[in-house]
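Below is one structure, written out as structure tokens; comments come after it.
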Number of protein chains: 2
Amino acid sequence: MQNPKLSKDEVARAALRILDEMGLPDLTMRRLAADLNVRPSALYWYFPNKQTLLADLADRIVTQGRPAELVTGWDEQLRLVALALRDSLLAYRDSAEIVSSSLALGLGENPAHSTLRDALDSSPFDAEMTQRAAATMLHFILGHVSLEQQRIQYDSLGALSGEPVMLRMESCAGAFRFGVDTIISGLKQHSLAHPTATPGE
Amino acid sequence: MQNPKLSKDEVARAALRILDEMGLPDLTMRRLAADLNVRPSALYWYFPNKQTLLADLADRIVTQGRPAELVTGWDEQLRLVALALRDSLLAYRDSAEIVSSSLALGLGENPAHSTLRDALDSSPFDAEMTQRAAATMLHFILGHVSLEQQRIQYDSLGALSGEPVMLRMESCAGAFRFGVDTIISGLKQHSLAHPTATPGE
DNA sequence: ACCTGAACACCGTTCAAGT
DNA sequence: ACCTGAACACCGTTCAAGT
């Protein structure tokens, strides 16, 4: 009565709700079905398997959230996109793990990578270096947030961490900026060493 | 008769064998027990749970393998350690995922992080920056190898990838060196910007 | 087209009981 | 001390059958 018809979108949104409230270990097909007042097998009409569902969630997570402010200068743009990406990821529990595992399927054409590559549009790098620069940044971001989220859930499990939670949050943000700035700084050096930008005729 | 007594070490080695031959999804407690000619519940005498077993494997994976050559200069040393760490990880299937998920438990005192930090011993960075530099490099390494391994198993699943496998392997190694060099280059800039090395009284 | 019912082939973990 | 037997509370996925 209250669910005359389901939809792919509804299924995905319900999954995101579970993810937000309980985390990835509790996001099972059976639990998702129960939340939608439906039998587990019904979900397989909308998604061929759980992996595909998770890939869909990964897309929504990185797409959702306000896009990074537009500025001039590839270095500052890359920095903003990286920070925005972290914010998007931190909006959902275990998102970094989900995005990571979905990366292998969409070989290179995933939204997270694209956003980073686009930020390098005005850079002096050629296509391959842009690709590698985006990959380097993406790997750092996912690695960092992945660990950050594992620690968050470890803390929330009642285990008393060494330092207070608010302090830790700031030190995480600081460590993240450090990594982003280090990579950008390294990329700048590269651009000075190999000036590919049409050297006058 | 052939297994009068089991040992923690034997269990771990058998687990590594499964990991090497079948990958993480096939490394179940039940399968591991079967390989050791023992009932699943017997494993819980040696490891309190699967998570602990995986943490033990993570330690062995990064510890195993020849240590990086010793050279002078923190930059070159860091580079060698990073490359050696990737080699160690590539020796076992899905190792990056295992090491990543074990990172949160041993909060900061894991061998992978330590090796990277030690490489920065002769650097001009203070303790906190050394910590962050090591973390930045570690996140990149795990992110990169994690994705690399996902693609390897995706390829081996029969799916024909765009480019030939040998070419891909080289491009992976190239992308990895690019990331490592970029981060080291960025760290060097930092050391120039903040010269903390006792500025002559 | 969309969903149920029922099954298949698994999991990790616990714990009394054996030796 | 070390292991078995048997259970508990789950998984993802398939597929004939209903409507």
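Worth knowing before you read on, the calculation uses all heavy atoms, side chains too, and leaves out hydrogens, waters and symmetry mates. Just so it is clear: chains get the letters A, B, ... in the order the sequence lines come, proteins before strands, and each one is counted from 1.
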Quiz prompt | Under-3.5 Å donor-acceptor pair between A/Thr28 side chain and D/dG12 base | solution =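 Such a pair does not exist between side chain and base.
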* To do: Could you say whether A/Ala42 or A/Met29 is positioned toward the 5' end of DNA chain D, judged by the nucleotide with the nearest heavy atom to each?
  =>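 First, find each residue's nearest nucleotide; the 5'-ward one identifies A/Met29.
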When you match A/Pro48 and B/Trp45 each to their closest nucleotide on DNA chain D, which lands nearer the 5' end?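 Looking at DNA chain D, the more 5' nearest nucleotide goes with B/Trp45.
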Within a strict 4.5 Å, meaning less than it, do heavy atoms of the A/Ile183 and A/Leu78 side chains meet?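 Side-chain contact under 4.5 Å: no.
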Practice task
Would you check, one step at a time, whether the test ring-ring contact (aromatic ring centres under 6.0 Å, His included) holds for A/His190 with B/Phe178?
Solution key: CA-CA 10 Å; A/His190 263 282; B/Phe178 176 89; 4.9 Å; yes
Next on the checklist: Taking the P atom in each of D/dA9 and C/dA9, what is the distance between them to the nearest angstrom?
Outcome noted: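 Nearest-Å result for D/dA9 against C/dA9 at atom P: 23 Å.
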- [ ] May I ask you to evaluate whether B/Tyr46 reaches the phosphate of D/dC2, defined as a side-chain N or O under 4.0 Å from OP1 or OP2?
- [x]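 It does not, given that no N or O in the side chain of B/Tyr46 lies less than 4.0 Å from OP1 or OP2 of D/dC2.
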From [atom1] of [X] over to [atom2] of [N], roughly how many Å is that when rounded to an integer?
{"X": "A/Arg39", "N": "C/dT4", "atom1": "CZ", "atom2": "C1'", "result": "7 Å"}
{"X": "B/Lys50", "N": "D/dC10", "atom1": "NZ", "atom2": "P", "result": "18 Å"}
{"X": "A/Leu6", "N": "C/dA1", "atom1": "CG", "atom2": "P", "result": "17 Å"}
{"X": "B/Leu32", "N": "D/dC3", "atom1": "CG", "atom2": "P", "result": "13 Å"}

Symbol by symbol from the 5' end, with Watson-Crick or G-U pairs under 3.5 Å, [ ] crossing and | another strand, DNA chain D is ||.|||||...|||||.||
Item to check | Side-chain (A/Ser88) to main-chain (A/Ala84) donor-acceptor, under 3.5 angstrom | outcome: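 Side chain of A/Ser88 to backbone of A/Ala84, a donor-acceptor pair under 3.5 Å: yes, one is there.
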Sugar-phosphate only, base, or nothing, as touched by B/Phe47 at under 4.0 Å among non-hydrogen atoms: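 The residue B/Phe47 makes no contact with any strand.
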